[in-house]
Amino acid sequence: MGLVVSVRKQLKHFNIRMSFVCGGGELAAVVGPSGAGKTTLVRMLAGLEPPDGGTISLNGRIWTDTAANYNIPIQERGVSLVFQEFTLFPHMNVRRNVAFAARSMELAEKYMDMFGVLRLADRKPDAISGGERQRVAFCQALAREPEVLLLDEPFSALDVATRRNLRDHLKELKRELAVPILHVTHDLEEAAFLGDIILAMENGCAAPGWFDRQVRFFTHPSTSAMQAAM
Amino acid sequence: MGVLGILSRPETSGPLWLTLRVLAVSGTLHLAAGLLLGYYLTGRKTGVRSVVDFLVSLPLVFPPIATGFVLLLLLGRNGVLGRLLPTGIVFSFSGVVLASFVAGLPLMVKPVEAALRGNARQLGEVSRMLGKSEWQTFWLVLLPNVRRSVASGWFLALGRSLGEVGITLMLGGNIIGKTNTLSLEIYNAVFSGEFDRAMVLSGIIGVFSLILFLMVRRLSAVEE
């Protein structure tokens with residue numbers, strides 16, 4: 001049960017071939033070098049790009065089965081995706097953005113309160129800071145009550161303090177939400193802190209040793225000495 | 001004869017009212033078709049989409065008189081499409097509206113398409129993921145975010161329709177009192193040596209064009 005994925009897709013320079021399971025309440029941290037196919041994997045799960053082959057299912061319900069030519073529409077997947085860039089609707093204020101897909105205004109306001117943006121409710125996205133916009137994006141994604149939460153480097157454009165704060169929030173929310181969460185990140189510390197599962201990708205495929213190699217590289221005495229000397 | 005005298009003459013006021021009626025109808029059609037086609041063309045590339053894109057863009061690069069001739073062949077009483085129509089289009093008000101519509105369409109569709117392909121595309125993805133249908137996404141998210149491009153495109157299309165001659169000549173026939181729009185009437189006035197009247201007609205078009213230009217410029221400034 002949970003999110004069961006086995007997909008392949010031909011990209012320009014390599015094929016994506018990934019299989020994994022992510023249970024409810026688990027967070028799979030997707031790590032790997034730039035251009036490894038992480039974002040494409042997330043977009044396939046969201047239904048924004050079709051895989052060339054394979055299946056995707058959630059709790060036994062098939063979302064995609066290329067052999068049966070079956071692919072449920074994006075709207076029916078119950079997926080929320082928080083992008084790297086700020087993607088709030090610029091013509092709506094914060095309240096309308098969060099309530100856009102919420103079952104009730106109470107739910108929208110609950111998340112706005114939780115993420116400390118309730119006081120900004122009447123402001124438009126261009127009148128709040130980058131960190132605040134990303135908090136609102138989280139509220140919007142959660143107010144939909146997603147069955148799967150996808151996060152595509154949502155903290156990468158934020159300062160360290162905001163990033164830490166949001167990271168802590170996510171850690172707390174993880175169990176409460178009890179849905180599979182896929183979190184694409186370049187920050188290995190963040191991946192280790194949040195991830196129940198580490199999905200390392202290299203050239204579109206699982207690279208089980210990649211994470212350990214990177215961690216060893218960054219913690220190796222000579223690397224630390226080099227970084228200190230710079 | 002003064003400007004007011006020239007304006008009050010039926011051979012001047014007639015084309016003016018005809019042009020306003022044509023602009024009212026073709027402008028409405030531009031809005032509806034421009035939005036739908038602009039949205040349609042942002043979809044995944046297919047053979048049908050490429051053909052639609054080609055046909056919409058054609059009046060930008062193909063000479064208007066030749067475009068009008070092709071349409072005349074297709075829509076004439078014995079044309080491939082004309083035979084299927086219950087009433088004749090050519091040499092009538094409908095023909096003039098069609099000419100105006102075809103000429104202005106690419107100037108409406110292309111800015112809308114470009115705007116929808118930009119940031120609006122990702123906003124559309126977010127909306128669909130948040131459970132909204134294609135139509136809800138279009139009306140609630142995409143349209144409000146490209147409204148300035150829609151307005152700019154619409155004013156440009158109106159301007160192009162206002163000055164349209166070649167296609168109108170072929171499809172409308174420049175029938176005095178029936179299909180002679182302002183632009184065609186300038187030609188008629190010059191041809192019959194009425195330079196004063198041609199000047200007044202040109203002045204009317206000039207004022208319209210200036211207003212449209214100022215509207216487009218204002219929209220561009222707001223966008224910046």
Side-chain angles (χ1 to χ4, degrees), chain A residues 39-40 42-50 63 71-93 96-103 107-108 111 124-126 133-134 136-152 154 182, chain B residues 31 34-36 38-50 111-155 215 218-224:
Chain A
T39 294
T40 307
V42 165
R43 289 178 65 81
M44 280 194 280
L45 299 180
L48 296 172
E49 285 188 35
W63 279 6
N71 200 29
I72 66 167
I74 302 170
Q75 290 89 345
E76 291 172 27
R77 290 186 180 225
V79 163
S80 283
L81 169 56
V82 181
F83 289 90
Q84 179 179 359
E85 287 160 17
F86 312 114
T87 48
L88 297 175
F89 306 124
H91 60 295
M92 296 181 190
N93 64 21
R96 282 187 62 209
N97 260 288
V98 178
F100 187 72
R103 187 169 31 86
L107 189 68
Y111 283 114
K124 292 269 182 76
D126 61 1
R133 278 200 289 268
Q134 205 62 334
V136 177
F138 263 94
C139 294
Q140 187 187 57
L142 296 172
R144 171 167 170 49
E145 298 175 281
E147 293 176 74
V148 173
L149 181 61
L150 303 173
L151 309 169
D152 188 7
L182 241 80
Chain B
L31 261 185
L35 286 171
L36 291 174
Y39 186 50
Y40 172 74
L41 290 175
T42 57
R44 203 172 283 274
K45 203 173 176 182
T46 61
V48 177
R49 267 203 186 87
S50 299
V112 174
E113 184 192 347
L116 287 171
R117 280 190 194 281
N119 285 346
R121 191 180 148 190
Q122 200 169 22
L123 295 177
E125 289 182 344
V126 173
S127 169
R128 280 188 283 272
M129 265 185 296
L130 291 172
K132 302 297 180 197
S133 68
E134 292 295 324
W135 273 111
Q136 286 173 316
T137 297
F138 183 72
W139 288 111
L140 299 175
V141 175
L142 299 182
L143 192 55
N145 280 291
V146 298
R147 63 186 190 279
R148 288 198 184 93
S149 300
V150 171
S152 290
W154 192 61
F155 287 129
M215 298 300 275
R218 196 176 159 185
L219 285 165
S220 307
V222 170
E223 222 156 321
E224 279 165 18

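In the text below, chain A, chain B and the rest are named by the order of the sequence lines, each starting its count at 1. Only a predicted model underlies this, so the values are computations on that prediction, with no experimental measurement involved.
- The closest donor-acceptor contact from the side chain of E49(A) to the backbone of T40(A) lies at 3.5 Å or more, if one exists at all.
- Other residues, nucleotides and ligands place more than 12 heavy atoms under 6.0 Å from the CZ atom of R117(B).
- The backbone N or O of L123(B) lies less than 3.5 Å from no partner atom in the side chain of S127(B), so there is not a single donor-acceptor pair.
- In this structure, chain B has heavy atoms under 4.5 Å from both the backbone and the side chain of Q140(A).
- Looking at R144(A), the atoms closer than 4.5 Å to chain B (heavy atoms on both sides) all sit in the side chain, from C-beta outward.
- Judged purely by atom type and a 3.5 angstrom limit, R147(B) uses its side chain to pair as donor or acceptor with the backbone of P144(B).
- Ranked by heavy-atom pairs under 4.5 Å with chain B, the first of A46(A), A143(A), P90(A), S80(A) is P90(A).
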